[in-house]
Asks: 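Structure below; questions to follow.
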Amino acid sequence: MSKSFAVIGDPIDHSLSPNIHSAAFREMNLDSSYIAYRIPKGELEEGVEGLKKIKITGFNITIPHKIEMMKYLDKTDESCSLIGAVNTVSNTDGVLKGYNTDMDGFLDPFKKKKLNISGTKVLLLGAGGAARAIVAGFAKEKAKIITIANRTIEKANTLSEFAKSIGLDAVPVKIQDVGDTAKNYDIIVNATSIGLQNEPSVISLKGINEKTIVYDIVYMPMNTDFIKKAKEENATIIYGYEMLLGQAVRAFEIWHGIEAPYNAMKKALLGGF
Ligand code: ATR
């Protein structure tokens with residue numbers, strides 16, 4: 001039987017997920033389709049009812065529904081309850097199960113490139129929803145300590161408490177106070193939305209070297225100012241699209257129960273730029 005999938009959110013026009021998953025279906029000869037479905041804020045309940053009516057097999061959730069969608073789940077995966085937000089749902093005979101693939105998607109490029117996390121010192125910029133999944137990932141992979149730098153210090157404090165509660169030592173700081181300390185870290189991650197509008201990096205990367213891993217979760221544009229500055233210092237780069245790809249691969253494997261065609265999905269994703 002033919003299976004259908006969707007990504008829901010608002011705005012949704014520019015989502016790359018339909019391209020990535022459609023390429024995977026073609027590659028694996030699966031009789032499946034994947035569409036982008038705009039559900040405005042405040043209309044999630046009706047939207048989800050509609051998806052159940054058409055017997056959707058699975059769907060992804062993006063801004064602004066990742067937290068509210070938790071209310072409409074029948075079951076939650078451990079990743080989802082830990083992070084408190086859902087981005088992937090499977091539908092089995094009307095029973096909706098939620099997953100959060102942000103953490104696995106974030107970690108995927110480290111695994112692919114055999115880059116070590118255990119025992120490292122991490123600087124994380126940002127303390128929003130994405131940052132929370134990233135903190136969970138660094139805790140899982142046993143980083144030594146994480147400095148959480150955020151414009152709003154209260155959110156850095158809260159996220160630091162969360163980190164400590166799951167066994168990761170953490171220090172909150174104001175993002176303006178990072179100064180020229182970047183060189184003291186093994187891994188530096190941008191999990192703020194800075195860069196989406198081509199803004200300059202908020203921190204200096206002076207003094208980092210080829211061993212420093214610099215990871216920007218902003219994927220559009222691909223070469224943010226933060227990434228450009230990291231390249232000038234010859235750092236090891238991880239691009240935002242690599243996390244996006246990692247998430248899509250994980251969602252595919254949840255829904256289809258077979259290994260995802262990584263290269264076909266990567267090609268479709270890079271074609272979208
Ligand atoms: P997401 O789900 O992508 O994590 P979010 O939860 O809205 O989105 O988080 C956005 C992050 O980007 C926050 O850390 C935010 O900082 P504040 O907590 O101070 O709002 C950060 N951010 C957004 N615009 C910023 C800017 N111009 N300068 C500094 N930080 C910014």
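In listed order, ligands and their atoms are each counted from 1. On a predicted model such as this, the values are computed, not experimentally measured, just so you know.
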Asks: Does Lys52 count as lying over the ring of Tyr72, i.e. NZ or CZ under 6.0 Å from the six-ring centre, within 45 degrees of the axis?
Replies: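 That pair does not qualify as a cation-pi contact.
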Asks: Supply the atom-to-atom distance Arg250 CZ to Phe252 CZ, rounded to the nearest 0.5 angstrom.
Replies: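 Taking CZ in Arg250 and CZ in Phe252, the distance rounds to 13.0 Å.
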Asks: Under a 4.0 Å N-O cut-off, is there an ion pair linking Lys112 with Glu242?
Replies: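 Looking at Glu242 together with Lys112, the answer is no, because their closest N to O distance does not fall below 4.0 Å.
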Asks: Side-chain donor-acceptor pair under 3.5 Å between Asn87 and Thr101, yes or no?
Replies: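 Present: a donor and an acceptor within the cut-off.
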Asks: Mark up the atoms of ligand 1 that fall under 4.0 Å of a heavy atom belonging to Thr152, in ascending order.
Replies: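 In order of numbering, the contacting atoms are 17 (P), 18 (O), 19 (O), 20 (O).
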Asks: Among all protein heavy atoms, pick the one closest to atom 9 (O) of ligand 1 and tell me residue, atom and distance.
Replies: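 Looking at atom 9 (O) of ligand 1, the protein heavy atom closest to it is Gly128 CA, 3.5 Å.
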Asks: Heavy atoms only: which of Arg151, Lys66, Gln176 is nearest to atom 31 (C) of ligand 1?
Replies: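 That would be Arg151.
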Asks: What I want to know is whether Thr192 and ligand 1 share at least one N or O pair that is separated by under 3.5 angstrom.
Replies: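 No, Thr192 has no N/O under 3.5 Å of an N/O on ligand 1.
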Asks: For Tyr34, which of Asn60, Asn19, Ile20 qualifies under side chain to side chain contact (heavy atoms under 4.5 Å, CB included)?
Replies: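 That would be Asn60; it is the only one of Asn60, Asn19, Ile20 passing the side chain to side chain contact (heavy atoms under 4.5 Å, CB included) with Tyr34.
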Asks: Report the residue from Ile56, Thr76, Leu51, Asn91 that forms a side chain to side chain contact (heavy atoms under 4.5 Å, CB included) with Leu96.
Replies: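 So the option named by the test is Asn91.
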Asks: Is the closest heavy-atom distance from Val202 to ligand 1 below 4.0 Å?
Replies: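 No heavy atom of Val202 comes that close to ligand 1.
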Asks: Number the atoms of ligand 1 from 1 as they appear, then name those within less than 4.0 Å of a heavy atom of Gly126, with their elements.
Replies: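 Ligand 1 atoms under the 4.0 Å threshold to Gly126: 14 (O).
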Asks: Checking a contact table here: which protein heavy atom is nearest atom 8 (O) of ligand 1, and how many Å away?
Replies: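 Minimum-distance protein heavy atom for atom 8 (O) of ligand 1 reads Gly129 N, 4.5 Å.
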Asks: Can you report which non-hydrogen protein atom sits closest to atom 23 (C) of ligand 1, along with the distance?
Replies: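 Among all protein heavy atoms, the one nearest atom 23 (C) of ligand 1 is Ser193 OG, 3.2 Å.
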Asks: As an exercise, identify every atom of ligand 1 less than 4.0 angstrom from a heavy atom of Ala130.
Replies: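 Going through ligand 1 atom by atom, the ones under 4.0 Å from Ala130 are 1 (P), 2 (O), 4 (O).
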Asks: Checking a contact table here: which protein heavy atom is nearest atom 16 (O) of ligand 1, and how many Å away?
Replies: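 Nearest neighbour among protein heavy atoms for atom 16 (O) of ligand 1, to 0.1 Å: Asn150 OD1, 3.3 Å.
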Asks: With a cut-off of 6.0 Å (strictly less than), are more than 12 heavy atoms of other residues, nucleotides or ligands near CD of Glu46?
Replies: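 Count over threshold, so yes.
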Asks: Using a 3.5 Å cut-off on N or O atoms only, is Ala127 in polar contact with ligand 1?
Replies: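 The answer is yes, given that Ala127 and ligand 1 share an N or O pair closer than 3.5 Å.
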Asks: Can you tell which of Asp186, Ile213, Thr120 makes a side chain to side chain contact (heavy atoms under 4.5 Å, CB included) with Leu115?
Replies: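 In the set Asp186, Ile213, Thr120, the residue that makes a side chain to side chain contact (heavy atoms under 4.5 Å, CB included) with Leu115 is Ile213.
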Asks: Is any side-chain N of the basic residue among Lys111 and Glu141 closer than 4.0 Å to the acidic one's carboxylate O?
Replies: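 Judged by the 4.0 Å cut-off on N to carboxylate O distance, Lys111 and Glu141 do form a salt bridge.
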Asks: Pick whichever of Thr158, Leu125, Ile194, Asp102 has a heavy atom sitting closest to atom 28 (N) of ligand 1.
Replies: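 Looking at heavy atoms only, Ile194 sits closest to atom 28 (N) of ligand 1.
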Asks: Work out whether the distance between some heavy atom of Ile175 and some atom of ligand 1 is less than 4.0 Å.
Replies: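 It does not; every heavy atom stays at 4.0 Å or beyond.
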Asks: So, for atom 12 (O) of ligand 1, does the protein have a heavy atom nearer than 4.0 Å?
Replies: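 Looking at atom 12 (O) of ligand 1, one finds that a protein heavy atom does lie closer than 4.0 Å.
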